[in-house]
Protein chains: 2
Amino acid sequence: MATMHDVARLAQVSVSTVSYVLTGTRPISQATRNKVLAAMAQLDYQPNAMARGLASRRSRILGLLMPMDERGLGATETAFVTGAAAAASVAGYHLVLSPVGGGNLDDLRRLASQRMLDGVVLMEVQLADERVTVLQEAGVPLVLIGRTGDTSTLSYVDIDFDQTVREAVAHLVGLGHRRIVYVNHSAATLASGYGPALRTRDAFTAAMTGHGLEPVMIAAEDSAAGGRAALAAAFAQAPELTAVLAMNETAIFGILGELTGRGLSVPDDVSVVSMVTSPQVAELATPALTAMTSPGSALGRIAIEALTRHLDGPADLRHQQLLPCALEIRGSTAAPRSRQPMGADQ
Amino acid sequence: MATMHDVARLAQVSVSTVSYVLTGTRPISQATRNKVLAAMAQLDYQPNAMARGLASRRSRILGLLMPMDERGLGATETAFVTGAAAAASVAGYHLVLSPVGGGNLDDLRRLASQRMLDGVVLMEVQLADERVTVLQEAGVPLVLIGRTGDTSTLSYVDIDFDQTVREAVAHLVGLGHRRIVYVNHSAATLASGYGPALRTRDAFTAAMTGHGLEPVMIAAEDSAAGGRAALAAAFAQAPELTAVLAMNETAIFGILGELTGRGLSVPDDVSVVSMVTSPQVAELATPALTAMTSPGSALGRIAIEALTRHLDGPADLRHQQLLPCALEIRGSTAAPRSRQPMGADQ
DNA sequence: CCGCTTCGTCGAAACGCTTCGACGAAGTTC
DNA sequence: GAACTTCGTCGAAGCGTTTCGACGAAGCGG
């Protein structure tokens, strides 16, 4: 493995000159630069990342911290990752994903204090998230995908849940629906302070009230069974419902199964809209789901761009931005068949 | 940020003594060790990863290289990751995931040559995979999840597709099914030399022939639409089919949708078995799918263990191991309705 | 009690790079 | 043309570790 010394010797310049060619921190004449580049090519030289990091005190590695539970990464989260990776590459950084769960804060502390990451993007943030505190204490530059409760001092990119819910509700109301049930994440998830669940809940209430309608929300476990149970609960609370808005990507398949099981057809009897969903998942269902498509890779890209700007630029300005999901109409929504076809439908 | 010097000064020992306490490379008296540990705690000392890596020429970072396409990571792949991360942590390594696609070989070459990764686990290996060549040339220790065509010189862990298919077919045949169609990945995927697709194809042919039955295989695009098309093709080729074995986790939802659309019920009219599937995904369908459950986290764990053994141990023995998927019977398989109402229980 | 290991510790030399100060050689300014 | 800058390059001092050789102090067999 060739070192800078070897390159310098071959090019007949000093080591520092080679370094300047590489980093561009000082002007180098074209002639010298060419000699150096030729030597590098000839030796197949690759700078040693560790030495570089030690001397410059920057690793040029960015971390994308995501809790990996057994549920797996949906296409939505994957889009964050690919967007972020592309942006990091453009900015001249490596992106590494670290599967730090919520449990191992010590692991996180260690990772942060070892000065191996120049900056970090944190995914799946809770309203009160200790990981944020740990990272801030360790002095690691930080951008969130999602938001904590108090966002005043932090940079973040997040989905504009308020507008997303408003658009989804408007779509259904526009079709003529009046009884709309919102299937959210589980009660436990809500209690744990998961931002998207809480924000969409409030947004749904506001949107429905704004249309003069009564908001009905059901919390569903993240599983097909949870979805089935949620639909049963929904019919119990609102027997004449004609539309379901679902945040819970996992439960939605249970919802659809249960609907079919009850002999109800989508979208003729009940319309279904899936929130914050990727086209791939929406197409999985039959009929394909009308969905609010998450701005996936844009979120990842913007987060990384904010982070690198912070690292490379002098000013440490905060970046706070919300992106709405786009309504994509597929086969799961239609005008309600009829107001009251045959009385009470238990 | 405290350095080793600070610790040494506070504990009134030399820097090297602190290092020996940390690494355990030389014996240190209990008294000295305690002084040093106390000083470290007091200063909240964390070793600098870069300096460590430079001096020791080992980063203690392992890479898990996975191509991230827009399809996202299923629960299966996520299980690899969590299993691998846990094993790495136990062995005292950090695990980072690098979303290197198939395209950017240069990126990979750079990553490998920068001596930032002590070793690498490569996922989603093709039969002929250039990434393997690149990494081998760079001299990076390597373990595969999956196999290349020529495995003679490599370490790998993979699913035992042969046995998995054999068990799945045996399950269906045992129920009395005779006309079984295998829905594989797409023709393009097959042509590209994707090991699992090719190996299961051959295993299916062998298993069916072994039972004296005719193997029918359909290639399906990785999408719900692909699944629907595949089912149509299947009925065209084998009108009297009673069972479907599907490798394609994405297409399977299309298959189920199309089955329902044709007025066929699962499992009464047609049984469905999903290959290499996680319980989470199997539960998503209605009815829940009988599936060959992939040994997810075990694969990741074993790969990392083989890698660390190679790195820490002196001998560089190859590790080659196959793990079968376990049959988990759920609601999507039953005896065929018409063929043999009762009896034929071979 | 004399040589021998073994134990515990130290000082110093790497590791491969960045970065700072210095310094001729040119180019500018008045 | 004296006094400044600016340009292009060099040498050397780090960056925070690990690791090697050395060296007293014990411990021990004979």
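Naming: A, B, ... by sequence-line order, numbering from 1 per chain. Computed from a predicted structure; not experimentally measured.
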Starting at the 5' end of DNA chain C and moving along, which residue's nearest nucleotide shows up first, B:V13 or A:T17? B:V13

B:A31 vs B:A51, nearer the 5' end of DNA chain C by closest nucleotide: B:A31

[N] OP1/OP2 closer than 4.0 Å to side-chain N/O of [X]:
{"X": "B:Y20", "N": "C:dC7", "value": "no"}
{"X": "A:S16", "N": "D:dG11", "value": "no"}
{"X": "B:R52", "N": "D:dT18", "value": "yes"}

Do the non-hydrogen side-chain atoms of A:L322 and A:R147 ever get within less than 4.5 Å of each other? yes

So [X], base contact, sugar-phosphate only, or nothing? Heavy-atom distance under 4.0 Å.
{"X": "A:V18", "result": "nothing"}
{"X": "B:T3", "result": "sugar-phosphate"}
{"X": "B:R57", "result": "sugar-phosphate"}
{"X": "A:S56", "result": "sugar-phosphate"}
{"X": "A:S29", "result": "sugar-phosphate"}
{"X": "A:L54", "result": "base"}

Side chains of A:Y194 and A:E124 only: does a donor on one sit below 3.5 Å from an acceptor on the other? yes

B:T148 and B:Q126: side chain donor to acceptor below 3.5 Å: no

Measure the distance from [atom1] on [X] to [atom2] on [N] and round it to the nearest whole Å.
{"X": "A:Q30", "N": "D:dG8", "atom1": "CD", "atom2": "P", "result": "10 Å"}
{"X": "B:Q46", "N": "D:dT17", "atom1": "CD", "atom2": "P", "result": "10 Å"}
{"X": "B:R60", "N": "D:dT17", "atom1": "CZ", "atom2": "P", "result": "16 Å"}
{"X": "A:R26", "N": "C:dT18", "atom1": "CZ", "atom2": "P", "result": "13 Å"}
{"X": "A:R9", "N": "C:dG16", "atom1": "CZ", "atom2": "C1'", "result": "13 Å"}
{"X": "B:D6", "N": "D:dC15", "atom1": "CG", "atom2": "P", "result": "11 Å"}
{"X": "B:M4", "N": "D:dT19", "atom1": "CE", "atom2": "C1'", "result": "11 Å"}
{"X": "A:H5", "N": "D:dA12", "atom1": "NE2", "atom2": "P", "result": "11 Å"}

If you measure from the Lys or Arg side-chain nitrogens to the Asp or Glu carboxylate oxygens, is any gap between B:D312 and B:R58 under 4.0 Å? yes

So if I take every side-chain heavy atom of A:P27 and compare against C:dT18, D:dG8, C:dC7, which nucleotide ends up nearest? D:dG8

To the closest 0.5 Å, what do you measure between CZ (B:R131) and CG (B:D129)? 4.0 Å

